[in-house]
*Asks:* 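Sending over a structure as structure tokens; questions will come in a sec.
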Amino acid sequence: AAVAVTATGRVRISPLARKTATKMGIDYTNVKGSGPAGRIVQKDILTAAQ
Amino acid sequence: MAKNISLIVIGGGPGGYVAAIRGAQLGADVTLVEKNRLGGTCLNVGCIPTKALLHAAEIMEEMNHAAEYGIKVKPEGYDWKQVLAKKGAVVNQLVGGVTGLLKANKVKIIEGEASFTGAKTLSIKKKDGKTETLTGDKIIIAAGSIPAIPPIPGVEGNPACIDSTAALSLENPPESLLVIGGGVIGMELATAYNAFGTKVTIVEALPKLLPMMDGELTATLRGLMEKKGIEILTDAKVLSVGKSGDKAEVQVDLKGTEKDFLAEKVLVAVGRRTDTAALQLDKAGIRHDRGKIQVNEFMETSVKDVYAIGDCLGQIMLAHIASAQGEIAAENALGHKAGFDSKTNPSCVYTVPEFAGVGLTEESAKEKGIDYGVGNFPLFANGKALIANGGVGAIKILYGKKFNEILGIHILGPRATDMIGEGALAIGLEATLEEVINTIHAHPTVTEAVREAALAAEKRAIHIPNK
Amino acid sequence: MAKNISLIVIGGGPGGYVAAIRGAQLGADVTLVEKNRLGGTCLNVGCIPTKALLHAAEIMEEMNHAAEYGIKVKPEGYDWKQVLAKKGAVVNQLVGGVTGLLKANKVKIIEGEASFTGAKTLSIKKKDGKTETLTGDKIIIAAGSIPAIPPIPGVEGNPACIDSTAALSLENPPESLLVIGGGVIGMELATAYNAFGTKVTIVEALPKLLPMMDGELTATLRGLMEKKGIEILTDAKVLSVGKSGDKAEVQVDLKGTEKDFLAEKVLVAVGRRTDTAALQLDKAGIRHDRGKIQVNEFMETSVKDVYAIGDCLGQIMLAHIASAQGEIAAENALGHKAGFDSKTNPSCVYTVPEFAGVGLTEESAKEKGIDYGVGNFPLFANGKALIANGGVGAIKILYGKKFNEILGIHILGPRATDMIGEGALAIGLEATLEEVINTIHAHPTVTEAVREAALAAEKRAIHIPNK
Ligand SMILES: Cc1cc2nc3c(=O)[nH]c(=O)nc-3n(C[C@H](O)[C@H](O)[C@H](O)COP(=O)(O)OP(=O)(O)OC[C@H]3O[C@@H](n4cnc5c(N)ncnc54)[C@H](O)[C@@H]3O)c2cc1C
Ligand SMILES: Cc1cc2nc3c(=O)[nH]c(=O)nc-3n(C[C@H](O)[C@H](O)[C@H](O)COP(=O)(O)OP(=O)(O)OC[C@H]3O[C@@H](n4cnc5c(N)ncnc54)[C@H](O)[C@@H]3O)c2cc1C
């Protein structure tokens with residue numbers, strides 16, 4: 001999957017993934033997205049947390 | 001116990017009553033002032049009665065096609081009194097509902113007209129003849145709008161000339177109707193009366209009908225309406241309205257040549273203007289542009305603690321915008337922080353078939369110089385649409401060339417006004433074509449065509465050849 | 001030039017024909033083998049003909065309510081031949097469309113029945129009597145399903161007992177119909193024939209109708225169907241079917257007591273079984289569970305280069321699932337990598353009103369031990385629904401208590417099957433209540449109620465009191 005950071009520097013992340021990352025205290029800017037078009041989904045955050 | 005914040009809401013339309021309820025939910029002591037009927041334009045003489053009329057019109061049309069489906073009926077016309085009665089019943093039920101909700105939320109209702117006497121003081125000319133002075137910690141203005149009367153000679157005071165309000169309560173469908181203005185209201189009422197047998201002519205000064213809507217699909221809709229016998233003239237300016245017997249005679253400039261039209265009624269639907277004259281905005285020092293109240297994204301006017309929302313801003317005149325802004329104003333007034341963003345705003349036109357769009361049209365994308373692509377899917381290739389209306393219509397997706405993000409979704413077809421919900425959410429969540437494609441769309445539904453339009457954008461539609 | 005990959009697709013239903021087109025798009029030389037008619041169950045004897053029949057039924061019902069809206073019609077019954085003819089015309093148009101699309105994609109079509117003779121070799125018993133041996137680099141099995149005949153004494157060979165296929169082409173609507181099975185097919189055909197005046201009884205062995213659907217809304221729907229005169233028995237087991245004159249006599253065990261029912265026809269709609277017997281799966285070594293082909297998320301069977309999709313897996317028997325899996329299988333066969341995920345799969349039931357759901361039901365959330373909350377919004381408080389069907393139905397959102405993520409959306413009401421598109425996208429994009437709330441929903445639409453259900457979850461619905 002593509003990197004979730006777009007050329008404009010914004011991170012493509014699902015609302016649930018963002019909330020999960022915030023709650024778990026995870027910096028998601030370097031997490032690789034596995035969703036469509038490289039969007040970070042909750043699963044990616046949970047994987048990164050391990 | 002701390003004293004609650006007092007909130008005054010001026011106007012009981014979909015902007016005002018929603019703001020009042022939201023304010024009450026957040027703990028304010030709310031007073032709502034309404035000079036006319038709760039529910040405002042929308043419930044009494046706008047969205048709801050037009051759609052009730054259109055529903056009857058739709059049944060009328062369906063009757064005429066029933067035989068094709070094997071259903072035997074003898075159409076025997078309509079009972080106009082009953083059409084209006086049903087419309088009235090729906091309106092009353094909804095107005096009653098709003099009244100009940102305001103009571104349940106302990107909103108105090110004052111029947112009367114409010115005018116500012118100072119920054120945060122109001123004088124209320126009450127229906128019972130008395131005058132009351134009112135002051136509150138916070139004020140939300142939701143005064144709405146009224147039909148605009150264009151400066152066309154012969155319109156004002158002409159009994160044959162009616163506005164949308166009158167068009168919703170005619171004694172009978174006229175034998176002929178000329179509609180000045182090809183905007184949403186004109187197109188919807190044209191659709192309704194056409195179904196009831198009225199000979200309808202639409203005259204629009206601009207080259208394009210429905211300014212908010214995508215041009216390509218608007219052109220398709222125009223063709224469909226013309227096929228139903230509605231005469232549509234664009235680039236056509238009404239010069240004056242006169243009389244000829246008991247009919248109106250309308251002089252129209254058709255790209256240079258003048259033509260006369262006779263019609264029993266002339267519906268003037270050229271737009272609406274803010275209903276802010278009585279408010280005396282200047283006494284409060286509230287900044288406005290010829291009656292259009294100026295606000296920022298937090299719905300704050302130039303005067304502290306005074307907010308304004310909905311049609312009285314003279315911007316996007318839609319009920320759901322008024323309501324959305326109403327929630328936002330109430331939240332900000334009660335110490336929360338919310339901003340208004342119109343990017344997920346759907347525009348709906350209740351023609352047959354329905355027409356809805358959200359996000360950028362091709363015209364607006366071009367104007368903004370955005371590098372966009374288009375995915376198009378015709379509904380004749382969609383099974384459910386084929387069953388529902390013979391497959392008339394199309395779905396069109398605009399996406400950004402660089403990231404494939406959805407820029408706009410436009411739907412002409414059965415159920416378009418409800419299907420646009422998916423489009424608005426897609427834009428709100430900054431979805432790309434891939435995400436629409438990866439979402440399973442149920443079969444047989446018209447929404448499958450949304451996915452197919454996204455596939456078409458990537459030249460991999462299944463149910464049409466890809467060019 | 002390198003030789004193209006050759007792909008054989010067995011079955012021309014919505015699984016197979018979509019896989020064939022997708023394969024062709026990706027550059028394969030595709031051969032599709034179909035023993036019966038292109039379009040499979042779905043187009044010929046499934047989704048499409050049922051919905052065409054239901055559309056006629058809906059018009060029929062609408063006629064009966066037209067007077068309430070002021071439209072005067074004399075209902076004169078139906079012309080059943082024309083009902084069937086219209087249904088047939090829609091089916092033929094769509095089957096013709098699929099045939100044309102396959103040709104446009106240069107898919108070679110063989111009319112015949114395929115059986116495996118080895119891992120990747122097939123013998124085709126052709127319609128013209130000849131036999132052909134076929135071998136390909138890749139094979140996709142999309143053999144679909146056929147109605148299951150339950151082991152109820154007296155069903156098999158009984159001319160009064162019909163399956164869904166026969167129910168779609170009856171010579172006349174029967175005077176009475178007993179439906180064995182309260183699943184989607186049973187409920188839809190019950191709805192259709194009820195509208196045509198048939199006295200319908202549904203007998204379901206389980207305590208609940210529509211196993212896939214949310215229980216609370218299913219109960220509401222049941223009540224609505226009963227109000228229309230459909231008799232519904234749950235926890236009721238058909239013991240045997242006998243004869244009484246020219247009627248079927250059906251013995252039913254109602255929680256211990258036996259009751260007899262007379263009916264002109266008995267619709268056996270207890271489910272479907274995979275149509276894989278003729279395939280001789282064992283000769284290819286393809287792993288299966290009593291005819292249900294086993295696959296992984298990439299639609300790969302136990303044999304390399306052989307994929308299977310759709311109803312022949314015996315899992316989720318829906319056309320859009322077959323198609324989704326078809327695209328995935330073709331992509332994987334042609335060297336791409338795609339996995340199947342059913343989480344955005346909508347379930348639709350074309351009753352009146354329509355019923356649709358996506359994601360978790362309350363039952364499944366409980367079963368999984370998920371900490372969920374519910375937002376509920378009744379459609380009597382929705383203006384558009386009030387106009388469309390008197391405000392019958394409700395919308396229900398399930399969300400996770402921790403992150404507010406949308407777990408499921410369930411809609412009983414007008415246009416539910418198209419409105420569920422928003423729900424599927426919400427789940428696919430991992431949206432939370434906030435995003436649904438922040439998306440502007442157009443007024444007056446039924447989708448406004450989706451947002452209200454999300455607001456209700458947060459105890460801040462506008463148009464109902466919040467408990
Ligand atoms: C025919 C027609 C069809 C329409 N169809 C649609 C549609 O399908 N969808 C859609 O989104 N929009 C539609 N609209 C537009 C929609 O009705 C308006 O956008 C909406 O009503 C605006 O809400 P509001 O609360 O801002 O103002 P309004 O609904 O106009 O309410 C303002 C209220 O304030 C009261 N008021 C004004 N001044 C004072 C004062 N000084 N003191 C006390 N009370 C005062 C008025 O009496 C009125 O009740 C339609 C409009 C028309 C005319
Ligand atoms: C009454 C009814 C209503 C339904 N309504 C809906 C609905 O509204 N929505 C929905 O999603 N689903 C609905 N379904 C289910 C839907 O029809 C099926 O899920 C769908 O058709 C499955 O597609 P498929 O391609 O897997 O199989 P099928 O459509 O069954 O197609 C399989 C094809 O393979 C052919 N075939 C089988 N074996 C061989 C062989 N050995 N050689 C050559 N050809 C072979 C068959 O002739 C058939 O044409 C309905 C089903 C029924 C019966």
Side-chain angles (χ1 to χ4, degrees), chain B residues 18 21 25 47-48 51-52 55-56 59-60 62-63 66 68-79 82-83 86 90 94 104 319-320 324 344-346 348 383 386-387 415 417-422 424-426 428-429 431 435 438-447 450 460 462 465, chain C residues 18 21 25 47-48 51-52 55-56 59-60 62-63 66 68-79 82-83 86 90 94 104 319-320 324 344-346 348 383 386-387 415 417-422 424-426 428-429 431 435 438-447 450 460 462 465:
Chain B
V18 168
I21 292 173
Q25 286 176 351
C47 328
I48 295 300
K51 273 74 218 177
H55 187 64
I59 296 176
M60 188 88 185
E62 203 138 76
M63 298 310 85
E68 184 189 335
Y69 296 93
I71 309 307
K72 288 161 68 177
V73 290
K74 200 147 93 221
E76 298 182 327
Y78 49 79
D79 171 355
Q82 178 57 24
V83 172
K86 178 72 191 176
V90 168
L94 287 171
H320 45 278
T344 60
N345 172 37
C348 296
L386 199 65
I387 291 171
R415 306 179 168 198
T417 59
D418 281 297
M419 290 187 3
I420 206 64
E422 179 182 353
L425 190 69
L429 287 174
E435 281 142 329
N438 276 301
T439 299
I440 300 175
H441 286 68
H443 180 79
T445 61
V446 191
T447 59
V450 174
R460 60 185 191 95
I462 296 290
Chain C
V18 169
I21 292 173
Q25 286 176 351
C47 328
I48 295 301
K51 274 74 220 178
H55 187 65
I59 297 176
M60 187 89 187
E62 205 138 74
M63 297 311 85
E68 184 188 336
Y69 295 93
I71 309 306
K72 287 161 70 176
V73 289
K74 199 147 96 219
E76 296 183 328
Y78 49 80
D79 171 355
Q82 177 58 23
V83 172
K86 178 73 190 172
V90 168
L94 287 171
H320 45 278
T344 60
N345 172 37
C348 296
L386 200 64
I387 291 171
R415 306 179 169 200
T417 59
D418 281 297
M419 290 188 1
I420 206 64
E422 179 181 354
L425 191 70
L429 290 176
E435 283 82 38
N438 282 318
T439 298
I440 301 175
H441 286 68
H443 180 79
T445 61
V446 191
T447 58
V450 174
R460 60 186 190 95
I462 296 291

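All chains are named by letter (A, B, ...) in the order of the sequence lines, taking the proteins before the strands, and each is independently numbered beginning at 1.
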*Asks:* Heavy atoms, side chains only, cut-off 4.5 Å: are B:Ile48 and C:His443 in contact?
*Replies:*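 B:Ile48 vs C:His443: side chains touch.
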*Asks:* Does some side-chain heavy atom of C:Glu435 sit less than 4.5 Å from a side-chain heavy atom of B:Thr344?
*Replies:*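 B:Thr344 vs C:Glu435: side chains apart.
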*Asks:* State, to 0.1 Å, how close B:Ala66 and C:Ile59 come at their nearest heavy-atom pair, and which atoms those are.
*Replies:*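 Smallest heavy-atom distance, with atoms named: CB-CG2, 3.9 Å.
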*Asks:* For B:Asn345, which atoms come within 4.5 Å of any heavy atom of chain C: side chain, backbone, both, or neither?
*Replies:*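 Interface part for B:Asn345: both.
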*Asks:* Using non-hydrogen atoms only, which part of B:Gln25 is less than 4.5 Å away from chain C: side chain, backbone, both, or neither?
*Replies:*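 For B:Gln25, the side chain is the part near chain C, not the backbone.
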*Asks:* For the candidates B:Ala431, B:Ala426, B:Gly77, which exhibits the highest count of non-hydrogen atom pairs separated by less than 4.5 Å from chain C?
*Replies:*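 Of the options given, most contacts go to B:Gly77.
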*Asks:* What distance do C:Glu62 atom CD and B:Ile71 atom CD1 have between them, rounded to the nearest 0.5 Å?
*Replies:*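 The CD1 atom of B:Ile71 is 11.0 Å from CD of C:Glu62, to the nearest 0.5 Å.
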*Asks:* Return the option, out of B:Leu425, B:Thr447, B:Val446, with the maximum number of heavy-atom pairs under 4.5 Å with chain C.
*Replies:*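 So the answer, after comparing B:Leu425, B:Thr447, B:Val446, is B:Leu425.
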*Asks:* Nearest 0.5 Å, please: how far is CD1 in B:Ile387 from NZ in C:Lys86?
*Replies:*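 C:Lys86 NZ to B:Ile387 CD1: 9.5 Å, rounded to 0.5 Å.
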*Asks:* With a 3.5 Å distance limit and no angle check, can you tell me whether B:Asp418 reaches the backbone of C:Met419 through a side-chain donor-acceptor pair?
*Replies:*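 No, because the side chain of B:Asp418 does not come within donor-acceptor range (under 3.5 Å) of the backbone of C:Met419.
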*Asks:* Of the backbone (N, CA, C, O) and the side chain (C-beta and beyond), which part of C:Cys47 lies under 4.5 Å from a heavy atom of chain B, both, or neither?
*Replies:*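 Looking at C:Cys47, backbone and side chain both touch chain B.
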*Asks:* Only one of B:Met63, B:Glu76, B:Lys74 clears side chain to side chain contact (heavy atoms under 4.5 Å, CB included) with C:Lys72; which?
*Replies:*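 Testing each of B:Met63, B:Glu76, B:Lys74 against C:Lys72, the sole residue satisfying side chain to side chain contact (heavy atoms under 4.5 Å, CB included) is B:Glu76.
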*Asks:* Hey, does the side chain of C:Gln82 reach the backbone of B:Glu68 with a donor-acceptor pair shorter than 3.5 angstrom?
*Replies:*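 Yes; judged by distance alone, with no hydrogens or angles, the pair exists.
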*Asks:* Of the non-hydrogen atoms in C:Thr445 and B:Cys348, which two are nearest, and what is the gap between them?
*Replies:*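 Scanning both residues completely, I find the closest heavy atoms to be CG2-SG, 4.5 Å.
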*Asks:* Ignoring hydrogens, what is the shortest heavy-atom contact between C:Pro75 and B:Val73? Give both atom names and the distance.
*Replies:*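 Heavy-atom minimum between the residues: CA-CG1, 4.1 Å.
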*Asks:* Considering only heavy atoms and a distance below 4.5 Å, find which of B:Ile420, B:Val18, B:Val450, B:Asn438 pairs most often with chain C.
*Replies:*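 Ranked by heavy-atom pairs under 4.5 Å with chain C, first place is B:Val18.
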*Asks:* Tell me, please, which residues at least two apart from B:Leu386 pass side chain to side chain contact (heavy atoms under 4.5 Å, CB included).
*Replies:*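 With sequence neighbours excluded, B:Leu386 shows a side chain to side chain contact (heavy atoms under 4.5 Å, CB included) to C:Val90, C:Gln93, C:Leu94, given in chain and number order.
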*Asks:* May I ask you to name which of B:Arg460, B:His441, B:Arg415, B:Met60 has the most heavy-atom pairs under 4.5 Å with chain C?
*Replies:*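 Highest number of pairs under 4.5 Å: B:Arg415.
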